[in-house]
Amino acid sequence: MTASTPQPLTGESAGYDPAAIERKWQERWRERGTNATDLRDGDRPFYALMMFPYPSAEGLHVGNLFAFTGNDIYGRFQRMQGHTVFEPLGFDAFGIHSENFALKVGEHPLRLIPRNIANFRRQLERAGLMVDWRYEVDTTDPSYYKWTQWVFLQMLERGLAYKKKAAVNWCPSDKTVLANEQVINGACERCGTPVEQRFLEQWFFRISDFAPRLLANLDHLDWSDSTRSAQRNWIGRSDGAELIFQGGREEGREGGRRQGGTAKGGTAKGGASKVATALRGSAEEGTAIKVFTTRPDTVFGATYLVLAPEHPAVDALTTPAQRGAVNAYRERTAHQDIVSRRVTREKTGVFTGSTAVNPATGAAIPVWIADYVLMDYGTGAIMAVPGHDERDFEFAGVFGLPVTRVIAGPGQDAATALAAAYTDTEGTRLVNSGQFDGLPVEEGKRRIVEWLASRGAATATVNFRLHDWCISRQRYWGPPIPVIYCDECGLQAVPERDLPVLLPDIPDFKPDDSGVSPLARHAEWYHVPCPECGQTARRETDVSDTFLDSAWYFLRYPSALRHDVAFDPDTTRKWLPVHSYIGGNEHAVLHLLYSRFVTMVLHDAGRLTFEEPFTRFRAHGMIVRDGAKMSKSRGNVVNPDEYINEWGADAFRTYLMFLGPYEEGGDFRDRGISGVKRFLDRLWSSVIEAIESAGAGAPDPAVIRKLHQTIRKVGTDIPQLSYNTAIAAMMEYMNALRAGERTPGRAEVETLVQLVAPFAPHIAEELWERLHAGAASSRASIFDVPWPAFDAALAAEESIELVVQVNGKVRGRLTVPTGVTQDAAVAAALAEPSVARFVTGTPRKVIFVPGRLLNLVV
RNA sequence: GCCCGGGUGGCGAAAGGGCAGACGCGGGGGACUUAAAAUCCCCUGGGAGCGAUCCCAUGCGGGUUCGAUUCCCGCCCCGGGCACCA
């Protein structure tokens with residue numbers, strides 16, 4: 001690749017030198033405060049937010065720039081529409097990623113991060129973003145995390161933060177607890193190490209209490225469908241019922257095997273069931289077992305129960321004869337790593353020795369424990385319906401438990417054998433279900449729940465998959481959780497006046513195997529007077545999850561200059577909720593859900609007037625390079641600095657937007673950028689020629705028509721983030737402008753410069769200044785000049801090309817006046833030999849689409 | 001397995017019931033030049049024909065329609081998310 005050399009042009013004008021004009025305008029924007037937003041001003045505020053980056057040591061990723069440029073174009077466009085636009089940016093610099101990198105290079109994050117941030121800011125400034133850097137936030141700055149700690153206190157105050165000992169995902173390599181979201185296929189998302197299970201005291205936020213609202217509001221948000229769908233799946237609503245099975249009764253002793261004769265595929269190990277029967281003894285009377293099911297219609301087919309090994313009722317249900325086996329199994333699952341528990345599909349389990357009564361059939365059915373039932377979903381217990389659930393069928397097969405058909409599809413009846421779990425519901429009906437036989441599934445569900453409910457054995461219930469948010473991290477690089485433990489007074493919140501709890505500058509920030517944060521090793525920090533009684537007390541040593549930092553940063557930006565509040569109520573009312581948020585879909589279920597949750601809590605606390613933070617969200621696509629995902633190991637990472645050096649920020653930005661649909665991403669190819677650069681070169685020379693030939697040549701109506709069509713196209717494409725087609729339209733106009741020998745007129749180029757401005761701001765400012773040299777307006781930024789007005793009359797075509805089809809096949813084209821009538825069009829079409837030869841006699845039918853097409857059916 | 005995207009020339013892609021391939025890259029030819037680069041102009045989905053023209057073509061198979069890349073049904077493949085969630 002060779003850098004384009006400046007082309008000598010006529011007269012004294014210099015050629016297009018991106019490096020020089022980009023330097024010039026970035027400096028001028030700084031001097032003149034062009035990008036500074038007066039937050040008190042303007043009756044049409046527009047908050048254009050982009051997801052702030054994690055400032056890695058490798059520097060700005062092209063994916064960051066792709067995201068930011070898309071947001072910047074939209075923001076600049078809104079400004080030209082007359083909005084006061086606020087486009088802030090900051091750095092999400094806490095967290096395990098930074099900390100691990102610091103450990104790797106042996107440098108303290110307190111020294112490393114500021115350097116990374118400085119490098120990022122330098123790279124970002126070169127990209128020509130309309131960012132008001134006065135409002136920059138850095139989550140690791142005490143003036144920021146003071147308020148992150150404040151957010152925690154809001155949660156604590158409202159009973160939404162709580163501590164519990166929990167089985168957590170423990171990464172033995174990073175030596176830390178991971179959120180469920182950070183475990184990918186049973187392995188740590190950072191290092192890929194298989195995750196183990198540990199029991200630790202953890203801080204949680206009660207996000208699951210908000211599941212119904214978080215789900216319901218999605219219907220009304222102007223968000224990318226892909227993002228909303230990901231959140232719906234994550235929240236995971238299931239409609240069903242809780243059913244009660246009375247445990248430990250003596251009647252129906254043989255009930256567990258009563259229907260065994262109907263089982264066909266599930267009796268592989270009948271012996272186990274015999275053992276179970278022999279060992280069965282009397283369990284404690286009256287233990288009620290609640291199960292959750294989405295298929296209450298299949299309750300007549302529930303032939304056994306399964307409890308999670310951790311279920312609190314297991315002790316009471318275990319008979320003396322089975323205690324040894326049950327305890328051994330529970331011991332094993334407690335220590336089992338989460339990988340094999342979650343990923344292995346092999347069915348294991350142990351019989352408790354007890355039975356429970358199926359509330360529908362009255363039969364006594366055996367109660368088992370198995371690790372395929374999870375304590376943290378539903379009630380931690382299930383009714384097993386092996387006939388109609390794949391997992392239950394498999395389990396029944398392993399342990400020789402009876403399988404009963406209670407759902408029959410077309411061509412099946414109550415006696416049809418089950419070779420596998422039958423899970424269809426469409427067009428099926430209930431069988432072997434007493435008075436409910438013959439009902440379709442949906443009606444069966446309703447009627448059976450009503451019937452059982454009348455006997456106190458069922459409640460219609462909704463369950464969510466969403467778990468509470470574990471925010472504890474036994475690490476160093478995060479905001480300390482502002483809590484103090486006093487032997488006298490118990491758990492104490494750090495009073496707001498004592499915030500921030502500063503993260504101390506300690507040299508040994510490396511986590512060890514203790515499961516406790518490195519902060520615990522520093523007595524001078526760890527010991528603190530109790531805020532209540534003044535006695536020596538201990539600080540909480542966990543720091544909070546990075547996702548808490550980013551769950552509220554959009555509230556901080558407009559108030560970033562204030563140090564007495566997290567966010568100023570008046571400013572917040574004026575500028576929020578965020579009008580436009582653009583970011584990657586990798587944050588669809590973490591950051592975006594947590595932000596919605598925090599906003600909802602602050603709304604309920606009366607601190608915000610809105611409960612949804614982002615009015616409009618669009619997920620941008622991913623950029624790959626030469627058809628492959630960018631990675632250091634592949635060596636195909638695009639370094640923005642190199643490209644900006646070679647082609648200029650304007651060409652780089654515009655190419656990023658041109659290479660594919662913004663919301664889908666695209667393929668970065670070095671060759672492709674030259675086309676965009678050529679476009680900017682031509683823009684430059686066209687404007688220079690127009691200036692130098694001032695007054696020469698009348699405007700060409702065809703060019704003006706094309707111009708207005710382009711104004712319309714670009715003006716509708718930008719709000720839809722259809723940047724690639726907007727650029728294509730401007731290129732088309734450029735081609736029309738340059739067709740023939742004529743010199744472009746001033747009016748023909750001036751508007752184009754405005755259309756290009758959001759994409760290539762530096763060249764646009766430079767050309768605008770040159771077009772208005774000497775005029776009073778020359779000191780104004782092009783971004784303070786209103787967007788060009790579209791004139792429909794000027795854009796209208798006088799004549800159109802009418803496509804003529806015969807039986808749907810194109811047989812000719814006619815140039816006709818725009819308002820041509822059907823009769824005139826048919827007459828003209830039949831006069832064309834290319835059409836007439838396919839038409840004999842009068843057409844049977846004529847389809848006429850005015851302005852587009854004529855189809856003759858013969 | 002379930003839920004989202006997506007599959008169109010040599011390549012990145014347009015068109016979301018109405019001319020398939022806009023725009024750009026790459027390629028071919030030409031102009032300018034002593035020459036090259038840059039720039040400018042023309043051509044560029046496949047096939048048949050000297051030609052005007054004709055046939056084929058938007059992952060595969062059906063359907064609806066005067067007309068389908070677009071809508072419907074059933075598959076296949078690629079990318080992403082969720083997943084022993086009862």
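Chain naming here is simple, since letters A, B, ... match the order of the sequence lines and numbering starts at 1 in each.
When each of C56(B), A13(B), G26(B) is scored by its nearest atom to the side-chain atoms of Lys809(A), the top-ranked nucleotide is C56(B). Out of C23(B), A15(B), G18(B), the shortest distance to the side chain of Ala728(A) is found at C23(B). Considering only side-chain atoms of Asn724(A), the nucleotide from G26(B), A14(B), G18(B) that sits closest is A14(B). Among the nucleotides C19(B), G12(B), A86(B), the one closest to the side chain of Val803(A) is C19(B).
In this entry G1(B) has C82(B) as its Watson-Crick or G-U wobble partner, both defining distances falling under 3.5 Å. The partner of G12(B) is C23(B), judged by Watson-Crick or G-U wobble contacts that both fall below 3.5 Å. Using Watson-Crick or G-U wobble geometry with both donor-acceptor distances under 3.5 Å, C40(B) finds its partner in G30(B). Look at A68(B): it lacks any Watson-Crick or wobble partner with both distances under 3.5 angstrom. Pair assignment for U53(B) gives A48(B), based on Watson-Crick or G-U wobble hydrogen-bonding distances that are each under 3.5 Å. Across all strands shown, A35(B) remains unpaired; no Watson-Crick or G-U wobble contact has both distances below 3.5 Å.
At least one test fails for Arg653(A) against the ring of Phe759(A): distance under 6.0 Å to the centre or angle within 45° of the axis.
Of the side-chain N and O atoms in Arg844(A), none sit less than 4.0 angstrom from OP1 or OP2 of C66(B). For Arg671(A) and G24(B), the shortest distance from a side-chain N or O to OP1 or OP2 is not below 4.0 Å. The side chain of Arg669(A) places no N or O atom within less than 4.0 Å of a non-bridging phosphate oxygen (OP1 or OP2) of G26(B).
Residue Glu801(A) is in base contact, counting any heavy-atom pair closer than 4.0 Å across all strands shown. Across all strands shown, Val810(A) has heavy atoms under 4.0 Å from sugar-phosphate atoms exclusively, and none from any base. If you check every strand for non-hydrogen atoms under 4.0 Å, Asp392(A) touches nothing. Using a 4.0 Å heavy-atom distance criterion, Phe658(A) is classed as a base contact. Residue Gln805(A) is in base contact, counting any heavy-atom pair closer than 4.0 Å across all strands shown. Nucleic acid contact for Arg237(A): none, since no nucleic acid atom lies under 4.0 Å from a heavy atom of the residue. Heavy atoms of Arg465(A) sit under 4.0 angstrom from at least one base atom.
For the pair Ile623(A) CD1 and G79(B) C1', the interatomic distance rounds to 16 Å; values are reported in whole Å. With rounding to whole Å, Asp376(A) atom CG is found 14 Å from A83(B) atom C1'. To the nearest angstrom, P of C19(B) lies 14 Å from CG of Leu854(A). A straight line from CZ of Arg228(A) to P of G80(B) spans 24 Å, rounded to a whole angstrom. Rounded to whole angstrom, the span from the CZ atom of Phe759(A) across to the C1' atom of C23(B) amounts to 13 Å. To the nearest angstrom, C1' of C55(B) lies 11 Å from CZ of Phe838(A). Between the P atom of C19(B) and the CG atom of Asn855(A) lies a distance of 11 Å, rounded to the nearest Å. In this entry the distance linking CG of Leu853(A) with C1' of A68(B) reads 13 Å, nearest Å.
Across C84(B) and C73(B), the matching P atoms stand 30 Å from one another, rounded to whole Å. Between C40(B) and C32(B), the two C1' atoms lie 8 Å apart (nearest whole Å). Taking the P atoms as reference points, G67(B) lies 26 Å from C75(B), given to the whole Å. For C11(B) and G46(B), the P atoms lie 12 Å apart once the distance is rounded to whole Å. A distance of about 10 Å separates the P atoms of G10(B) and G47(B), rounded to the whole Å. Rounded to whole Å, the P atom of U69(B) lies 13 Å from the corresponding atom of G21(B). Annotation: A15(B) and G24(B) have their P atoms spaced 16 Å apart (nearest Å). Remark: the separation of the C1' atoms in G9(B) and A20(B) is 11 Å, to the nearest Å.
Within the 6.0 Å centre-distance limit, the rings of Phe66(A) and Tyr662(A) are counted as a close aromatic pair. The six-membered or imidazole ring of Tyr372(A) lies near that of Phe395(A), with a centre-to-centre distance under 6.0 Å. You'll find the ring centres of His591(A) and Phe547(A) outside the 6.0 Å limit.
Of the residues listed (Asn585(A), Thr227(A), Asp222(A)), the one engaging Arg618(A) in a side-chain hydrogen bond (donor to acceptor under 3.5 Å, both in side chains) is Asp222(A), and it is the only one.
The nearest heavy atom of RNA chain B to Arg811(A) and to Arg682(A) marks one nucleotide each, and the one closer to the 5' end goes with Arg682(A). Nucleotides of RNA chain B nearest to Arg852(A) and Asp667(A) differ in position, and the one nearer the 5' end is that of Asp667(A).
Using cut-offs of 30° and 60° for the angle between ring planes, the Tyr655(A) and Phe668(A) rings count as perpendicular.
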Find every protein N or O atom lying less than 3.5 Å from an N or O atom of nucleotides 1-10 of chain B, and list the pairs.
unit_1: C3(B); atom_1: O2'; unit_2: Ser229(A); atom_2: OG; d: 3.1

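Annotation: salt bridge (charged side-chain N to carboxylate O under 4.0 Å, His left out) contacts involving residues 225-237 of chain A, sequence neighbours excluded, comprise Asp219(A)-Arg232(A), Asp225(A)-Arg228(A), Arg237(A)-Asp239(A).
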> Please walk me through it: do Ser208(A) and Asp468(A) pass side chain to side chain donor-acceptor pair (under 3.5 Å)?
Replying inline: CA-CA 5 Å; Ser208(A) 61; Asp468(A) 277 346; 2.6 Å; yes

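Remark: Glu663(A) pairs with no residue by the salt bridge (charged side-chain N to carboxylate O under 4.0 Å, His left out) rule, at least two apart or across chains.
The base of C19(B) lies close enough to the side chain of Arg813(A) for a donor and an acceptor atom to sit less than 3.5 Å apart.
For Glu586(A), the CD atom is densely surrounded, since the number of other residues' heavy atoms within 6.0 Å is greater than 12.
Taking the syn range as angles within 90° of 0, the glycosidic angle of G30(B) is outside it, so the base is anti. Look at G17(B): its glycosidic torsion is beyond 90° from 0, and that puts it in the anti range.
Side-chain polar atoms of Ser686(A) and Arg738(A) form a donor-acceptor pair below 3.5 angstrom.
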